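Below you'll find the structure, written out as structure tokens, and then a few comments.
None of these values were measured; they are calculated from a predicted model.
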Amino acid sequence: MPAYRFEAADAAGRIERGIVDADSPRQARGSLRERGLVPIQVAPLEDRSAEGARAVLGGRLRDVELALATRQLASLLSARLPLERALAAVVEQAERPAVRDRFAAVRSDVVAGQTLAASMGKHPRDFPDVYRALVAAGEQSGDLGLVMSRLADYVESRTALSQRVKLAFTYPAIVTLVAFAVIVALLTYVVPQVVGVFTQTKQKLPFITVALIAVSDFVRHWGWLLALAVAAAVAAFRWALRSPSLRLAWHARLLEAPLFGRLIRGVNTARFASTLAILTASGVPLIRALDAGAQTLTNDALRANVADAIARVREGASLSRALSAGRQFPPVMIHMIASGEATGELPDMLERTASTLSGEVERRTFALTSLLEPILILIMGAIVLMIVLAVLLPIIEINQLVR
């Protein structure tokens with residue numbers, strides 16, 4: 001049964017918006033009138049109006065929303081609720097219009113006879129490849145509720161790890177921005193007002209004061225040009241990274257970076273191992289699982305390693321040897337996979353690997369941010385101290401001359 005987006009007014013004149021199922025627009029209007037609503041606009045869910053198009057273009061599902069909807073579906077399906085009613089419940093409980101529209105469209109396709117995985121495949125930006133692969137595996141196994149429960153755990157753990165890493169670096173980023181703003185304000189407004197008095201006295205100024213005046217003049221007169229040059233350099237760098245070879249070389253260098261390299265490798269490896277664990281445990285073929293896991297990697301060097309591993313597995317190599325050939329993944333993951341292949345418990349070992357790597361990422365993130373915070377404070381304090389000294393030294397010399 002098709003779904004229609006409606007806008008209607010109740011008896012008090014309040015405007016209501018939502019989704020209604022009907023065979024035709026006329027039936028949709030009749031259904032609204034039966035509910036005591038006066039239809040204002042009724043349009044098929046597939047035919048986006050200008051307002052609806054703006055909502056969809058700017059309304060991609062957030063990771064938190066996808067995790068919540070997945071958990072709701074898992075709970076409802078585990079309670080033996082039919083898929084159509086479970087999707088309808090998710091639509092009713094959704095807070096954002098974009099979430100309602102997305103799951104209403106999926107429900108409409110399911111009611112029309114398509115599988116849940118195929119319905120979600122029409123929205124690849126909202127439902128990633130690994131997500132759809134697990135849904136398809138659940139539909140094939142006949143226990144979609146169990147698979148959706150595992151999928152909810154996977155989405156929640158992946159979202160939690162990403163949020164913890166982002167939150168850990170939020171404070172240092174805020175400190176850096178505030179420090180930069182304070183220093184620019186000092187150089188462009190405070191310093192010229194104070195130092196201008198010294199230049200009128202015709203006295204010989206200390207070197208640090210002369211240097212500060214030069215820096216202040218440069219920032220006030222050429223700061224916009226410097227900012228423009230930095231923006232152009234960043235834009236040129238991003239444009240250069242469109243080249244696959246340059247992007248691959250840059251991503252390989254990132255993995256070798258002293259501090260952030262192991263963090264980037266750890267985050268990607270934990271996500272990859274967790275994806276492989278849930279896919280293989282759900283009965284997805286290994287080649288398909290590797291291909292879906294590669295889509296979760298944000299580093300091209302690691303993704304190239306997985307692509308090479310897929311080719312080697314197709315030729316009959318074991319997963320541990322195939323992944324170790326590229327020498328991009330950490331040894332602990334390779335050894336755990338080899339142990340899982342030897343004991344026949346590959347999904348469990350992959351899950352342990354993901355848990356271990358996630359814990360290591362959190363510890364490394366905490367250590368890195370704990371190191372960055374005092375360093376940033378010291379740098380800011382040193383710069384402010386230099387500015388204060390540059391202002392105070394001439395004052396001290398004037399006082400000595402007066403005495």
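- Inter-residue side-chain proximity for Leu116 and Glu139 is flagged as met; some heavy-atom pair is nearer than 4.5 Å.
- Ser339 places no side-chain N or O within donor-acceptor distance of the main-chain N or O of His335, the cut-off being under 3.5 Å.
- In this structure, the side chain of Arg364 does not engage the main chain of Leu263 through any donor-acceptor pair within 3.5 Å.
- Interatomic distance, Arg271 CZ to Leu297 CG, rounded to the nearest 0.5 Å: 7.5 Å.
- Gly340 and Met349 get closest at one heavy-atom pair: CA-CG, 3.4 Å.
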| task | Take Val135 and Val147, measure what side chain to side chain contact (heavy atoms under 4.5 Å, CB included) needs, and give me the verdict at the end. | result | CA-CA 7 Å; Val135 171; Val147 174; over 6 Å; no

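- Between Ile278 and Thr275 the shortest heavy-atom distance is CG2-O, 3.3 Å.
- A donor-acceptor pair under 3.5 Å is formed between the side chain of Ser78 and the backbone N or O of Ala74.
- In this structure, Thr296 contributes its side chain and Ala292 its backbone to no donor-acceptor pair below 3.5 Å.
- One distance of note links CE of Met333 with CZ of Arg265; it measures 11.5 Å at 0.5 Å rounding.
- Here the CD atom belonging to Gln163 is positioned 10.5 Å from the OG1 atom belonging to Thr170, to the nearest 0.5 angstrom.
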| request: Take Leu357 and Val332 through the side chain to side chain contact (heavy atoms under 4.5 Å, CB included) test and state the conclusion after the steps. | output: CA-CA 9 Å; Leu357 291 173; Val332 62; 4.0 Å; yes

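- Nearest approach of Ala301 to Gln328, heavy atoms of both residues: O-CG, 4.1 Å.
- For the pair Pro172 and Leu376, the tightest heavy-atom approach, listed with the atom from each and the gap, is O-CD1, 3.5 Å.
- Sorted by first then second residue, the salt bridge (Lys or Arg N to Asp or Glu O under 4.0 Å) pairs that include residues 377-391, not counting sequence neighbours, number zero.
- For the pair Thr176 and Phe180, the minimum side-chain heavy-atom distance is 4.5 Å or more.
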| query | Passes side chain to side chain contact (heavy atoms under 4.5 Å, CB included), Val175 versus Glu373? Steps please. | reply | CA-CA 8 Å; Val175 170; Glu373 290 172 11; over 6 Å; no

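- The closest side-chain heavy-atom distance from Leu290 to Leu319 is below 4.5 Å.
- Sorted pairs that involve residues 286-324 and meet ring-ring contact (aromatic ring centres under 6.0 Å, His included), not counting sequence neighbours, are lacking altogether.
- The backbone N or O of Leu66 sits less than 3.5 Å from a side-chain atom of Thr70, completing a donor-acceptor pair.
- Residue Arg71 places its CZ atom among more than 12 non-hydrogen atoms of other residues, nucleotides or ligands, all under 6.0 Å distant.
- Distance check: Thr115 OG1 to Met120 CE gives 10.0 Å after rounding to the nearest 0.5 Å.
- Relative orientation of the His123 and Phe127 rings is perpendicular, given thresholds of 30° and 60° on the angle between their planes.
- The number of heavy atoms from other shown groups lying within 6.0 Å of CZ (Arg262) does not exceed 12.
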| message | Walk me through whether Val155 and Asp63 qualify under side chain to side chain contact (heavy atoms under 4.5 Å, CB included). | response | CA-CA 8 Å; Val155 176; Asp63 291 338; 5.8 Å; no

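- Closest heavy-atom contact between Leu76 and Ala86: CD1-O, 3.6 Å.
- For the side chain to side chain donor-acceptor pair (under 3.5 Å) condition, the pairs that include at least one residue of residues 211-237, sequence neighbours left out, are Asp217-Arg220.
- Sequence neighbours left out, not one pair with a member in residues 365-393 passes ring-ring contact (aromatic ring centres under 6.0 Å, His included).
- Side-chain atoms of Ser149 never come within 3.5 Å of backbone atoms of Gly145 as a donor-acceptor pair (strictly under, hydrogens ignored).
- Residues in residues 170-189 take part in no salt bridge (Lys or Arg N to Asp or Glu O under 4.0 Å) pair, two or more places apart or across chains.
- Here Thr188 pairs with nothing under the side-chain hydrogen bond (donor to acceptor under 3.5 Å, both in side chains) rule; sequence neighbours left out.
- Between Arg253 and Glu256, the closest side-chain pair of non-hydrogen atoms is not below 4.5 Å.
- Between Leu276 atom CG and Leu323 atom CG the span is 7.5 Å, to the nearest 0.5 Å.
- Residues Leu255 and Leu302 form a side-chain contact, since some pair of their non-hydrogen atoms from C-beta on lies under 4.5 Å apart.
- Leu212 has its side chain within reach of Leu187: a pair of non-hydrogen atoms, C-beta onward, lies under 4.5 Å apart.
- Here the shortest heavy-atom pairing between Val313 and Ser318 reads CG2-O, 4.4 Å.
- Counting only residues at least two apart or in different chains, ring-ring contact (aromatic ring centres under 6.0 Å, His included) contacts with residues 254-304 comprise Phe272-Phe329.
- The shortest side-chain heavy-atom distance between Arg100 and Pro97 falls under the 4.5 Å cut-off.
- Among residue pairs with one or both ends in residues 146-170, none qualify as ring-ring contact (aromatic ring centres under 6.0 Å, His included); sequence neighbours excluded.
- The main-chain N or O of His251 is found under 3.5 Å from a side-chain atom of Asn299 such that the two form a donor-acceptor pair.
- Here the side chain of Arg150 pairs a donor or acceptor atom with the backbone of Ala281 at under 3.5 angstrom.
- Under the side-chain hydrogen bond (donor to acceptor under 3.5 Å, both in side chains) criterion, Arg164 pairs with Glu362, not counting sequence neighbours.
- Glu95 meets the salt bridge (charged side-chain N to carboxylate O under 4.0 Å, His left out) test with no other residue; sequence neighbours excluded.
- Partners of Thr343 by side-chain hydrogen bond (donor to acceptor under 3.5 Å, both in side chains), not counting sequence neighbours: none found.
- A donor-acceptor contact shorter than 3.5 Å is absent between the side chain of Arg132 and the backbone of Ala117.
- Sorted by first then second residue, the salt bridge (Lys or Arg N to Asp or Glu O under 4.0 Å) pairs that include residues 339-349, not counting sequence neighbours, number zero.
- Residue Met380 holds its CE atom at 6.5 Å from CD1 of Ile183, rounded to the nearest 0.5 Å.
- Between the side chain of Asp126 and the main chain of Leu61, a donor-acceptor pair closer than 3.5 Å is present.
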